[in-house]
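Remember, it's 1-based here, ligands and their atoms both numbered in the order they're listed. For clarity, every value in this text was computed on a predicted model and none was experimentally measured.
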Amino acid sequence: MKKHILLGISGGIAAYKSCELVRLLRKQGHEVSVAMSRAAAEFVTPLTFQALSGRPVLSETHQAGDGNGMAHINLTREADVFLIAPASANTLAKIANGIADNLLTNLAAARKCPLAVAPAMNVEMWRNPANQRNIAQLLADGITVFPPADGEQACGETGTGRMPEAAELADLLPDLWTEKSLSGKRVLITLGATFEAIDPVRGITNLSSGQMGAALARACRAAGADVSLVCGQVQTALPAGMGETVRVLGAEEMYGAVMRRVRDCDVFISVAAVADYKVSNASGQKLKKDGSGRPPVIELAENPDILASVAALPDAPFCVGFAAESERVLEYARAKRIRKNIPLIAANDVSVAMGKASNQITLIDDAGETALPLCGKDETAAAIVRRIAELLPAR
Ligand code: C5P
């Protein structure tokens, strides 16, 4: 869902990260309007944000005329959400106490839309009791606080106070406007490719990138679920805000990791591309050419079917499977849903889905089949989550 985001920038070196944030939010399809405090304009110029956002920037040093001189009111009326990143200790203190004496604090006071803040400050300023009191007040007032990260700080000290990276903020922001259809639900997701070792350095794997699994994890988290991941080989960044992320290699290891965790779950989504076979004669040492010209013989043994095993548990969670096929996609997917005894399967053609940012899936459940349009994996994931939320209470 495309939104209009008002991005407030207060004074701090982390303002440079907000340049990237504007770029990422626009890449997601959102409109971004930027408002800057006087101190912020000392770190990054309004012109930079004007170029990146493609819109006039409102700042205390560089007013964009809007006709009625009420830009601070108009901007918050147009916005679906107001994010202040970086948010300085000073700006947070003022907002927590209802002070409106500059552009950003006026915007915060006059807004009708939700407000989120990404604090950025020195570790001692963050720990300072007055600051902690202000943060508690902001949370009590319904303001979303994206907690600062740990690490090295621009001042040379180390500790909590770094603004989260732009990619993390862009990942977490859509949670603010997503319907909480999975609120309180625990979701376990497998994603990525398994890797079946042949020897200590080689193995059998596949082209799954993990993007669909990551998009589903994000969509479940945005819908209010507590999400854990069992993750094979992925070529994508994993989403922020996950409960637990376990890394595994082979299908058997994935099976063990899932079985240890799935009993507490309401929903199990099996997106991983799991190898059907493992190497039963894997070598403990790296295989060498022996000069005979004969290649080594690799013997295979069948892997456990993780999804079917979970679905067969007494009190099984609501199970969602994927059927990635290269031919007769719907026919195979229907059969797979019945064979694995799962309520919902997402069918897709490997040529459309594997390693791509977009996907076209058909959802198959007891009620029938729904072909979703070809769209980005985030949109596909949101549609799958909506269907899970519809089917879940009926179980
Ligand atoms: O049997 P097939 O691999 O075609 O089924 C695909 C679905 O089953 C996917 O949801 C996949 O994650 C899951 N699966 C599994 N364990 C296996 C094989 C597939 O969980 N060993």
Side-chain angles (χ1 to χ4, degrees), residues 187-197 203-217 219-220 227-234 236 246-263 265 267-280 300-313 316-355 359-365 372 377 380-381 384-385 387-388 391:
V187 178
L188 183 67
I189 301 177
T190 64
L191 70 159
T194 56
F195 179 93
E196 304 298 333
I204 300 173
T205 186
N206 60 66
L207 291 174
S208 170
S209 63
Q211 288 179 74
M212 193 64 238
L216 268 162
C220 290
V227 187
S228 290
L229 304 180
V230 176
C231 181
Q233 313 258 296
V234 293
T236 188
V246 189
R247 298 274 187 170
V248 296
L249 277 179
E252 248 171 16
E253 197 188 346
M254 184 175 272
Y255 173 86
V258 167
M259 287 304 177
R260 277 192 293 281
R261 290 167 178 83
V262 80
R263 279 168 214 278
C265 290
V267 179
F268 173 60
I269 312 180
S270 184
V271 201
V274 185
D276 290 328
Y277 301 100
K278 68 174 176 191
V279 179
S280 56
L300 300 176
E302 197 165 330
N303 273 325
D305 189 313
I306 304 167
L307 178 56
S309 308
V310 172
L313 290 171
F318 183 88
C319 288
V320 184
F322 272 74
E325 306 293 347
S326 58
E327 58 172 353
R328 295 155 77 184
V329 176
L330 294 181
E331 182 190 327
Y332 286 154
R334 287 177 200 127
K336 206 165 282 187
R337 190 176 83 89
I338 304 298
R339 191 171 67 246
K340 299 190 189 228
N341 191 24
I342 54 173
L344 178 62
I345 198 159
N348 56 211
D349 192 312
V350 284
S351 65
V352 178
M354 274 241 171
N359 199 357
Q360 193 284 311
I361 63 158
T362 299
L363 289 176
I364 306 176
D365 54 58
L372 301 177
K377 285 185 171 168
T380 303
I384 295 174
V385 166
R387 191 66 189 136
I388 294 171
L391 295 173

Asker: Assess the residue pair Cys319 and Leu307 against the criterion (side-chain contact (heavy atoms from CB on, under 4.5 Å)); give the C-alpha distance rounded to whole Å, side-chain angles, the decisive distance to 0.1 Å, and a yes or no.
Answerer: CA-CA 8 Å; Cys319 288; Leu307 178 56; 4.0 Å; yes
Asker: Measuring from atom CD of Gln360 to atom OG of Ser351, what distance do you get when rounded to the nearest 0.5 angstrom?
Answerer: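 Between Gln360 CD and Ser351 OG, I get 10.5 Å after rounding to 0.5 Å.
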Asker: At their closest point, which heavy atom of Gly192 faces which heavy atom of Val234, and how far apart are they?
Answerer: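 Nearest heavy atoms, Gly192 then Val234: CA-CG1, 3.7 Å.
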Asker: List in chain and number order the residues that pass side-chain contact (heavy atoms from CB on, under 4.5 Å) with Ala257, two or more places apart in sequence or in another chain; answer none if no residue qualifies.
Answerer: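 Listed in chain order: Val230, Val246, Val248, Arg260, Arg261.
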Asker: Which protein N or O atoms sit under 3.5 Å from any N or O of ligand 1? Give atom names and distances.
Answerer:
from	atom 1	to	atom 2	distance (Å)
ligand 1	1 (O)	Lys340	NZ	2.8
ligand 1	4 (O)	Lys336	NZ	2.3
ligand 1	5 (O)	Lys340	NZ	3.0
ligand 1	8 (O)	Lys340	NZ	3.0
ligand 1	10 (O)	Ser270	O	2.6
ligand 1	10 (O)	Phe322	N	2.9
ligand 1	10 (O)	Phe322	O	3.3
ligand 1	12 (O)	Ser270	O	3.2
ligand 1	12 (O)	Ser270	OG	2.6
ligand 1	12 (O)	Ala272	O	2.7
ligand 1	16 (N)	Ile306	N	3.0
ligand 1	20 (O)	Ser270	OG	3.3
ligand 1	20 (O)	Leu307	N	2.9
ligand 1	21 (N)	Pro304	O	2.8

Asker: Looking at Phe195, I'd like to know if its CZ atom is crowded, meaning that more than 12 non-hydrogen atoms belonging to other residues, nucleotides or ligands lie closer than 6.0 Å.
Answerer: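 Enclosed: over 12 neighbouring heavy atoms sit under 6.0 Å from CZ of Phe195.
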Asker: Applying the side-chain contact (heavy atoms from CB on, under 4.5 Å) test to Pro304, which of Met254, Lys278, Glu252 qualifies?
Answerer: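 Output: one option passes, namely Glu252.
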